[in-house]
Amino acid sequence: MRQLASILLLAFVVGGASAFYSPTDGVVELTPSNFDREVLKDDAIWIVEFYAPWCGHCQSLVPEYKKLAKALKGVVKVGSVNADADSTLSGQFGVRGFPTIKIFGANKKSPTDYNGQRTAKAIAEAALAEVKKKVQGVLGGGGGSSSGGSGSSSGDEVIELTEDNFDKLVLNSDDIWLVEFFAPWCGHCKNLAPEWAKAAKELKGKVKLGALDATAHQSKAAEYNVRGYPTIKFFPAGSKRASDAQEYDGGRTASDIVSWAGDKHVANVPAPELIEITNESTFETACEGKPLCVVSVLPHILDCDAKCRNKFLDTLRTQGEKFKQKLWGWAWAEGGQQLALEESLEVGGFGYPAMAVVNFKKMKFSVLKGSFSKDGINEFLRDISYGRGHTAPVRGAKKPAIVSVDPWDGKDGQLPTEEDIDLSDIDLDKDEL
Ligand SMILES: *[C@@H]1O[C@H](CO)[C@@H](O)[C@H](O)[C@H]1NC(C)=O
């Protein structure tokens, strides 16, 4: 009872002293006590203005905001929070200045800031864009699965970009991005939307596709010099700045977008690192999670000096570059060092250099039968990439044990002098053999 009284009293103070809007304006006065029920638990989309009665910009927004409420009546709900009367809500939603307009859309838990012009028309457009997005979130993706207002638009891989998340998601990522700047009212943008979504799905894992409502996030659109809609910008892989954005000059169908972006992806794939297998962890780095791992065993450094070995390594790197879009792992070891590995791939014993391509997921491998040369390796790998070639199960059907050895120092080999020979080493060797 006392609580009710204080709410009534508060309502009276707010309403009587300084509230901007009355119920006849169609703007719902929101307070900590009704916000949950009215906004968060409501299925409708809400536009909410956080204001302070003393703020000049808030005062000048009043006529436009009333106009907005009238125009959106029955379509989108419009509310206001007098943050001066109670700062709970403005604190909760991180309001830093007045007026702040937030759109509580499909995902009520994370409202978006409206940063466009403070006119009824511009705000209404942003509201309608949100309506459209919400509806498409349910209809789109073909499944027709209702997201129950949680905002998870399952099946839609297009990432919604805003002024707030743009730099974090796009510029601060190593991924390749294609970003569409659109306007909710633009016909070409509407035609592009389903193609964009389809392309995003197909390019998943390779290229990210984003969309930014340029009318709601005008400063970003200005930053990228967006003059017409839709405008598509390409952001290359690796670290990037705004000035690295390039114009997209491909077609507007899903397959056009996929092939254009796919080419960029291939061009942007770095050549794989050729890793010397010196212990378990280098072996894992080289081969773990790779569709295939190209393992080479090179002659002992006393049989093939630094110059000879570097030639082999260069040949391998060249092939690595050539097949880089396959995302294979590339590793090598000196003959005789990783005996378990050689044995399980059946490459030991019949002469080095040798090569095997291993699929560690399926525990299958193929051995290079031709020459260990540019042409021989190229032919072998080409067959592999087409799924041809003879495969055999990895001996023991498990990853071979890798022993820790010193990495190659890049120098020619030294015949061991007598003092270097440790008798205990010799005993160990005997045991192993
Ligand atoms: C494995 O070998 C690499 C290169 O030789 C070395 O940098 C790394 O510290 C080694 N890791 C372990 C766990 O021994």
Side-chain angles (χ1 to χ4, degrees), residues 174 238-239 269-324 326-349 351-361 363 365 367-368 372 377 381 394-417 419-433:
D174 284 334
S239 63
V269 172
E273 195 190 344
L274 176 59
I275 295 174
E276 182 181 2
I277 303 170
T278 55
N279 53 38
E280 290 282 359
S281 80
T282 49
F283 183 56
E284 265 182 29
T285 306
C287 296
E288 189 99 331
K290 305 288 163 65
L292 295 176
C293 197
V294 182
V295 179
S296 300
V297 184
L298 302 182
H300 192 276
I301 194 69
L302 289 175
D303 297 328
C304 159
D305 63 11
K307 196 172 155 218
C308 160
R309 177 171 289 179
N310 279 322
K311 230 176 116 189
F312 284 132
L313 294 176
D314 281 346
T315 301
L316 292 174
R317 287 196 189 95
T318 308
Q319 294 301 315
E321 166 75 35
K322 198 157 181 181
F323 289 92
K324 66 180 183 179
K326 300 285 177 196
L327 306 176
W328 294 339
W330 289 73
W332 71 279
E334 177 174 280
Q337 280 189 336
Q338 302 296 345
L339 291 172
L341 176 69
E342 293 183 33
E343 198 176 307
S344 66
L345 303 180
E346 297 171 21
V347 291
Y352 308 114
M355 174 186 278
V357 173
V358 198
N359 181 335
F360 280 110
K361 238 185 238 144
M363 283 296 161
F365 71 97
V367 175
L368 168 71
F372 197 100
I377 294 172
L381 295 180
V394 172
R395 257 235 215 130
K398 63 176 190 339
K399 274 191 195 137
I402 301 296
V403 295
S404 292
V405 296
D406 289 333
W408 180 41
D409 59 9
K411 297 189 195 130
D412 287 341
Q414 298 282 319
L415 278 170
T417 55
E419 298 91 83
D420 287 340
I421 300 174
D422 186 333
L423 283 176
S424 63
D425 277 352
I426 292 176
D427 282 348
L428 236 171
D429 282 347
K430 266 195 200 135
D431 284 349
E432 275 178 12
L433 291 171

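When a ligand or atom number is given, it counts from 1 through the structure's own listing order.
The shortest N or O to N or O distance between Asn279 and ligand 1 is below 3.5 Å. Checked by distance only, ligand 1 and Ser404 stay at 3.5 Å or farther apart across all their nitrogen or oxygen atoms.
Atom 7 (O) of ligand 1 is not flagged as protein-proximal [any protein heavy atom, distance under 4.0 Å].
Scanning the protein for heavy atoms near atom 13 (C) of ligand 1, the closest one is Ser281 OG, 4.0 Å. Looking at atom 4 (C) of ligand 1, its nearest protein heavy atom turns out to be Thr278 OG1, 3.5 Å.
Taking the centre of each ring, Phe360 and Phe283 come in below the 6.0 Å mark.
Annotation for ligand 1: atoms under 4.0 Å from non-hydrogen atoms of Pro407 are 5 (O). Numbered from 1 in the order shown, with element, the atoms of ligand 1 that lie under 4.0 Å from a heavy atom of Thr282 read 1 (C), 2 (O), 3 (C), 4 (C).
With contacts defined as side-chain heavy-atom distances shorter than 4.5 Å, the pair Val405/Ile277 does not qualify.
Environment of CD in Glu343: sparse, with no more than 12 heavy atoms of neighbouring residues, nucleotides or ligands closer than 6.0 Å.
A donor-acceptor distance shorter than 3.5 angstrom exists from the side chain of Gln338 to the backbone of Val403, with no hydrogens or angles considered.
Shortest non-hydrogen contact noted between Trp328 and Leu381 is CH2-O, 3.8 Å.
We find the CG-CE distance between Leu316 and Met355 to be 5.0 Å, quoted to the nearest 0.5 Å.
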